[in-house]
There are 2 protein chains.
Amino acid sequence: MALSEKKRALIEKIGVHFEFKGMQPLFGRIIGLMLVHERAEVTFEEIVDELNVSKSAVSNALTFLQATGKVAYHTKPGDRKRYFHLPMKDFTSDMEKELMEIVKFEEVLEEVLVERGETNADFNCSLKEFLNFIKFIKMEIPVLIEKYKRQKGL
Amino acid sequence: MALSEKKRALIEKIGVHFEFKGMQPLFGRIIGLMLVHERAEVTFEEIVDELNVSKSAVSNALTFLQATGKVAYHTKPGDRKRYFHLPMKDFTSDMEKELMEIVKFEEVLEEVLVERGETNADFNCSLKEFLNFIKFIKMEIPVLIEKYKRQKGL
DNA sequence: ATTTTGGTTCTGTAATTACAGAATTAAAGA
DNA sequence: TCTTTAATTCTGTAATTACAGAACCAAAAT
């Protein structure tokens with residue numbers, strides 16, 4: 001396909017984005033390739049060629065990305081190759097999960113509060129205040145998403 | 001102070017939580033120690049003793065945690081030690097930053113959409129739909145936080 | 001039957017991470 | 001002034017990460 005320089009740059013940018021989330025660099029770049037790719041789907045071989053990485057690295061990456069639901073593949077009749085792509089429909093729920101992951105800190109802090117007892121009224125008070133905030137956000141995020149769905153559904 | 005077993009377990013749990021966010025294990029455990037500590041503040045020495053780590057590790061950790069605004073210290077008259085603690089007031093804005101960090105993916109995807117051109121109507125459509133979703137969340141999160149503040153302010 | 005294609009698995013390694021330990025410094029106390 | 005205390009900085013290293021490369025395997029094509 002011969003990717004443009006701009007697209008190659010974007011792949012790297014997307015790679016860095018996912019690396020920041022704790023993923024291996026290549027994993028994110030594969031996602032990037034699928035995003036910028038004209039067909040929005042790539043074969044094993046295309047990944048190897050376009051990203052200049054080894055087959056083993058691609059194999060491991062695809063195994064991981066499929067296991068975590070980030071990537072799926074489909075086949076074409078009379079073609080042995082797998083066509084890997086991003087299940088875009090899952091992106092919204094992925095985003096919701098990510099948001100909820102952040103507010104999961106609430107559970108730990110709740111335990112902290114119990115364990116602290118009545119030892120330090122001032123600090124306990126700040127802690128409770130922050131807990132109230134997280135609990136609020138935790139409750140409102142699903143409401144927000146519901147609101148979006150309803151708004152879109154009409 | 002002799003921390004309880006439960007508190008020690010909590011410190012580890014908090015450590016893992018922050019490790020998941022990309023921090024070094026020790027960094028999270030220091031935050032954990034401050035959270036469960038009776039005084040909610042600890043000296044350099046206490047960190048070394050309670051967590052059984054080297055001074056160098058603690059020094060590096062505190063430098064990083066202070067540089068990123070996760071930890072601050074104050075001093076006491078006639079006492080050379082620094083008392084490190086969590087600036088709880090900043091927790092709320094930290095959480096907001098974290099939430100907004102997630103939806104930063106929007107900016108990259110916007111570039112992707114531009115670069116893709118009119119090459120694949122189907123995929124571009126799913127991409128646009130997801131972009132609408134992120135943009136909605138991105139707009140509503142500050143609104144949500146404003147709502148919380150107002151509600152609390154009364 | 002054997003060669004090719006598409007992909008996996010195993011082994012090794014350069015680079016990075018997450019510390020420990022020792023030497024060092026800077027300020028306060030004796 | 002010399003020592004102690006509080007913390008930093010430098011050096012080294014065990015463990016982990018993120019791959020490459022080669023061997024391998026299974027299904028399909030010849």
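Within every chain, numbering begins at 1; the chains are lettered A, B, ... in the order of the sequence lines, protein sequences first and strands thereafter.
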May I have the distance from [X] (atom [atom1]) to [N] (atom [atom2]), rounded to whole angstrom?
X      : N       : atom1 : atom2 : result
N60(A) : dT17(D) : CG    : C1'   : 12 Å
L51(B) : dC19(C) : CG    : P     : 11 Å
F44(B) : dT8(D)  : CZ    : C1'   : 8 Å
D79(A) : dT5(C)  : CG    : P     : 13 Å
R29(A) : dA18(D) : CZ    : C1'   : 10 Å
F64(A) : dT17(D) : CZ    : C1'   : 13 Å
N52(B) : dC19(C) : CG    : C1'   : 14 Å
Y83(B) : dT5(D)  : OH    : C1'   : 13 Å

Worksheet item: Hey, do the aromatic rings of F64(A) and F27(A) have their centres closer than 6.0 Å?
Response: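 Aromatic pair counts; centres sit under 6.0 Å.
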Is the base of [N] touched by the side chain of [X] through a donor-acceptor pair closer than 3.5 angstrom?
X      : N       : answer
S59(A) : dG7(C)  : no
R80(A) : dA28(D) : no
K55(B) : dA7(D)  : yes

Fill in: Nearest listed nucleotide, side chain of E45(A), among dG21(C), dG6(C), dA6(D)
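It is dG6(C).
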Worksheet item: Which one, dA18(C), dA18(D), dA20(C), comes nearest to the side chain of Q24(A)?
Response: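 For the Q24(A) side chain, the nearest candidate turns out to be dA18(D).
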Worksheet item: Contact class for L26(B) (heavy atom, under 4.0 Å): base, sugar-phosphate, or nothing?
Response: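 Result for L26(B) = sugar-phosphate.
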Worksheet item: Given that S56(B) and V53(A) both sit by DNA chain D, which one's nearest nucleotide is further toward the 5' end?
Response: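 The residue closer to the strand's 5' end, by nearest nucleotide, is S56(B).
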Discussion item. Between A57(A) and G78(A), which residue's closest nucleotide on DNA chain D lies nearer the 5′ terminus?
Written reply: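 Upstream on the strand: A57(A).
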Item to complete: Take the angle between the ring planes of F133(A) and Y148(B) and call it parallel below 30°, perpendicular above 60°, tilted in between.
Response: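 Rings of F133(A) and Y148(B): perpendicular, as their planes differ by over 60°.
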Item to complete: Give the ring-plane orientation class for F18(A) versus F105(B), where under 30° counts as parallel, over 60° as perpendicular and anything between as tilted.
Response: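 Aromatic pair F18(A)/F105(B) classed perpendicular.
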Worksheet item: Between N124(A) and R116(A), does a side chain to side chain donor-acceptor pair (under 3.5 Å) hold up when you go through it step by step?
Response: CA-CA 8 Å; N124(A) 286 0; R116(A) 291 190 59 80; 2.8 Å; yes
Worksheet item: Using a cut-off of less than 4.0 Å, is there contact between a side-chain N or O of R82(A) and OP1 or OP2 of dT8(C)?
Response: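 It does, given that an N or O in the side chain of R82(A) lies less than 4.0 Å from OP1 or OP2 of dT8(C).
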Worksheet item: Is there a side chain to side chain donor-acceptor pair (under 3.5 Å) between E41(A) and H74(A) once you walk through the steps?
Response: CA-CA 9 Å; E41(A) 64 180 18; H74(A) 61 105; 2.6 Å; yes
